[in-house]
Protein chains: 2
Amino acid sequence: MTYQLIFSALADPSRRHVFEQLRGGSRSVGELAQSLPISRPAVSQHVKVLAQAGLVDVQVRGRRSEVSARPDGLAVLREYVESYWSDVLGAFEAEITRQRDERHD
Amino acid sequence: MTYQLIFSALADPSRRHVFEQLRGGSRSVGELAQSLPISRPAVSQHVKVLAQAGLVDVQVRGRRSEVSARPDGLAVLREYVESYWSDVLGAFEAEITRQRDERHD
DNA sequence: CATTATGGTAAGTCATGACTTACCAATTAA
DNA sequence: TTAATTGGTAAGTCATGACTTACCATAATG
């Protein structure tokens with residue numbers, strides 16, 4: 001459910017570009033739009049999707065909307081990857097052990 | 001480019017389900033298909049996408065195709081997340097410092 | 001060799017979603 | 001209050017991609 005939102009949010013190149021812009025801190029929607037070859041409304045929609053995925057926070061200040069990366073959302077992805085990573089390494093180790101033990105031919 | 005393939009591969013629920021099945025080790029295409037409410041050809045196509053993303057290895061043994069998770073592919077995702085994570089934490093710290101220093105009102 | 005098991009490929013359908021332009025809302029400045 | 005700035009929403013278009021069924025290929029088995 002949450003993974004769904006996170007992965008499909010980051011699957012789009014424009015949204016990943018937006019996300020990348022936020023590595024160093026917050027940016028306004030207009031600034032984000034200027035860094036992309038698409039319209040501002042498109043960027044606005046992308047930001048909405050990123051926000052729903054929990055990857056981004058939007059803070060309205062005056063007539064500007066400041067968008068920033070949200071550590072909590074990223075943590076979900078991080079933990080998924082770490083968990084999968086350790087499971088796979090475990091499975092690999094088990095497989096190698098199995099192959100070694102099977103050498104009775 | 002690679003991120004594109006990885007994130008869009010994992011954005012699909014069926015493909016994530018396949019990927020999940022591989023946490024504990026390899027599975028044949030038929031076994032994967034049985035665990036999903038979709039046809040075997042659909043699974044075959046999903047496996048192809050996962051393989052192109054580098055997330056999965058396919059090994060043909062006799063008339064079976066054994067699919068397994070590929071640590072190298074996962075590592076790419078892992079490093080991306082870790083790198084982004086550290087950048088964002090850095091930006092947050094810088095922002096807090098900036099706000100503290102600005103308290104001259 | 002004929003049959004069964006296993007799986008990849010082709011072609012076509014259908015839904016989703018990434019855009020666009022047009023419009024509206026709200027905040028700041030003249 | 002009138003402009004200008006900034007950005008969200010609506011509606012419509014178009015491409016992509018996730019499925020299906022039908023088919024073909026190869027490997028094990030009788």
Side-chain angles (χ1 to χ4, degrees), chain A residues 1-22 25-70 73 105, chain B residues 1-22 25-70 73 105:
Chain A
M1 175 56 181
T2 303
Y3 295 143
Q4 185 54 42
L5 295 175
I6 290 175
F7 281 119
S8 54
L10 294 176
D12 183 82
S14 297
R15 277 195 297 264
R16 261 203 331 285
H17 181 93
V18 165
F19 196 56
E20 280 299 316
Q21 299 291 108
L22 306 176
S26 70
R27 296 279 180 279
S28 74
V29 170
E31 285 167 350
L32 293 171
Q34 280 170 8
S35 72
L36 275 167
I38 61 177
S39 69
R40 192 191 41 67
V43 172
S44 187
Q45 290 162 12
H46 283 314
V47 166
K48 200 174 177 183
V49 171
L50 287 167
Q52 278 166 351
L55 291 169
V56 137
D57 259 339
V58 181
Q59 210 169 357
V60 180
R61 275 216 251 172
R63 60 185 164 188
R64 291 168 61 91
S65 279
E66 292 285 335
V67 186
S68 55
R70 189 168 162 275
D105 51 347
Chain B
M1 177 58 181
T2 303
Y3 295 142
Q4 185 53 41
L5 294 175
I6 290 175
F7 281 120
S8 52
L10 293 177
D12 183 81
S14 298
R15 277 196 297 265
R16 260 203 333 286
H17 181 92
V18 166
F19 196 56
E20 280 299 316
Q21 298 291 106
L22 305 176
S26 70
R27 295 278 181 279
S28 75
V29 171
E31 285 168 350
L32 293 171
Q34 280 170 7
S35 74
L36 275 166
I38 62 177
S39 70
R40 192 190 40 69
V43 171
S44 187
Q45 289 162 11
H46 282 314
V47 167
K48 199 174 177 182
V49 171
L50 287 167
Q52 278 167 351
L55 291 169
V56 136
D57 259 340
V58 180
Q59 209 169 356
V60 180
R61 273 215 252 174
R63 60 187 164 186
R64 292 166 62 89
S65 281
E66 292 285 335
V67 186
S68 55
R70 189 168 164 276
D105 50 348

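Remember, it's a predicted structure, so these values are computed and weren't measured experimentally.
- Between Ser14(A) and the phosphate of dA18(C), there is no side-chain N or O to OP1/OP2 separation shorter than 4.0 Å.
- Salt-bridge formation is detected for the pair Arg64(B)/Glu31(B): a Lys NZ or Arg NE/NH1/NH2 atom is positioned less than 4.0 Å from an Asp or Glu carboxylate oxygen.
- Contact annotation: Lys48(A) reaches the phosphate of dT9(D) (side-chain N/O to OP1 or OP2, under 4.0 Å).
- Atom pair Leu32(B):CG and dC19(D):P shows a separation of 14 Å (rounding to whole Å applied).
- With hydrogens and angles ignored, the 3.5 Å screen pairs a side-chain donor or acceptor of Arg15(B) with a backbone N or O of Ala9(B).
- When distances run from any side-chain atom of Arg63(A) to the nucleotides dG7(D), dT9(C), dT6(D), the shortest one goes to dT6(D).
- In the model, Arg16(A) has a side-chain atom that pairs as donor or acceptor with a side-chain atom of Gln4(B) under 3.5 Å.
- Looking only at atom types and distance, the side chain of Glu66(B) has a donor-acceptor partner in the side chain of Ser26(B) under 3.5 Å away.
- If you check dT28(C) for Watson-Crick or wobble pairing at under 3.5 angstrom, you find it has no partner at all.
- Mapping Pro37(A) and Val58(B) onto DNA chain C by nearest heavy atom places Val58(B) at the nucleotide closer to the 5' end.
- Rounded to whole angstrom, the span from the CZ atom of Arg27(A) across to the C1' atom of dG7(D) amounts to 18 Å.
- Nucleic acid contact class of Arg61(B) (heavy atoms, under 4.0 Å, all strands): none.
- Taking atom CD on Glu31(A) and atom P on dT5(D), their separation rounds to 16 Å, with Å as the unit.
- Between Ile38(B) atom CD1 and dT21(D) atom P the separation is 12 Å, expressed in whole Å.
- The phosphate of dA18(D) has OP1 or OP2 within less than 4.0 Å of a side-chain N or O from Arg15(B).
- The separation between Arg40(A) atom CZ and dA4(D) atom P is 17 Å, rounded to whole Å.
- Neither OP1 nor OP2 of dG17(C) sits under 4.0 Å from any side-chain N or O of His46(A).
- Each of Val60(B) and Ser8(A) was assigned the nucleotide of DNA chain C with the nearest heavy atom; the assignment lying further toward the 5' end belongs to Val60(B).
- Taking only side-chain atoms of Ser65(A), from C-beta outward, the nucleotide of dG8(C), dA29(C), dG8(D) with the closest atom is dG8(D).
- Taking both residues in full, the closest heavy atoms of Ser35(A) and Leu32(A) are given as OG-O, 2.7 Å, listed atom of the first, atom of the second, then distance.
- When distances run from any side-chain atom of Gln45(B) to the nucleotides dA10(D), dA11(C), dT5(D), the shortest one goes to dA11(C).
- One interatomic measurement links the two molecules: CZ of Phe7(B) to C1' of dG17(D), which rounds to 19 Å at whole-angstrom precision.
- The distance between atom CG of Leu10(B) and atom P of dA18(D), rounded to the nearest whole Å, is 12 Å.
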Next item on the list: Go through Leu5(B) and Val49(B) one step at a time and tell me if the side-chain contact (heavy atoms from CB on, under 4.5 Å) criterion holds.
Entry: CA-CA 8 Å; Leu5(B) 294 175; Val49(B) 171; over 6 Å; no
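- Note on Arg64(B): only backbone sugar-phosphate atoms sit closer than 4.0 angstrom, heavy atoms only; bases stay farther off.
- Distances from the side chain of Ala42(B) to the nucleotides dG7(D), dT20(D), dC19(C) place dT20(D) closest.
- If you take CG of Asp12(A) and P of dA15(D), they are 17 Å apart, rounded to a whole angstrom.
- Ser39(B) comes within contact range of at least one nucleobase, with a heavy-atom separation under 4.0 Å.
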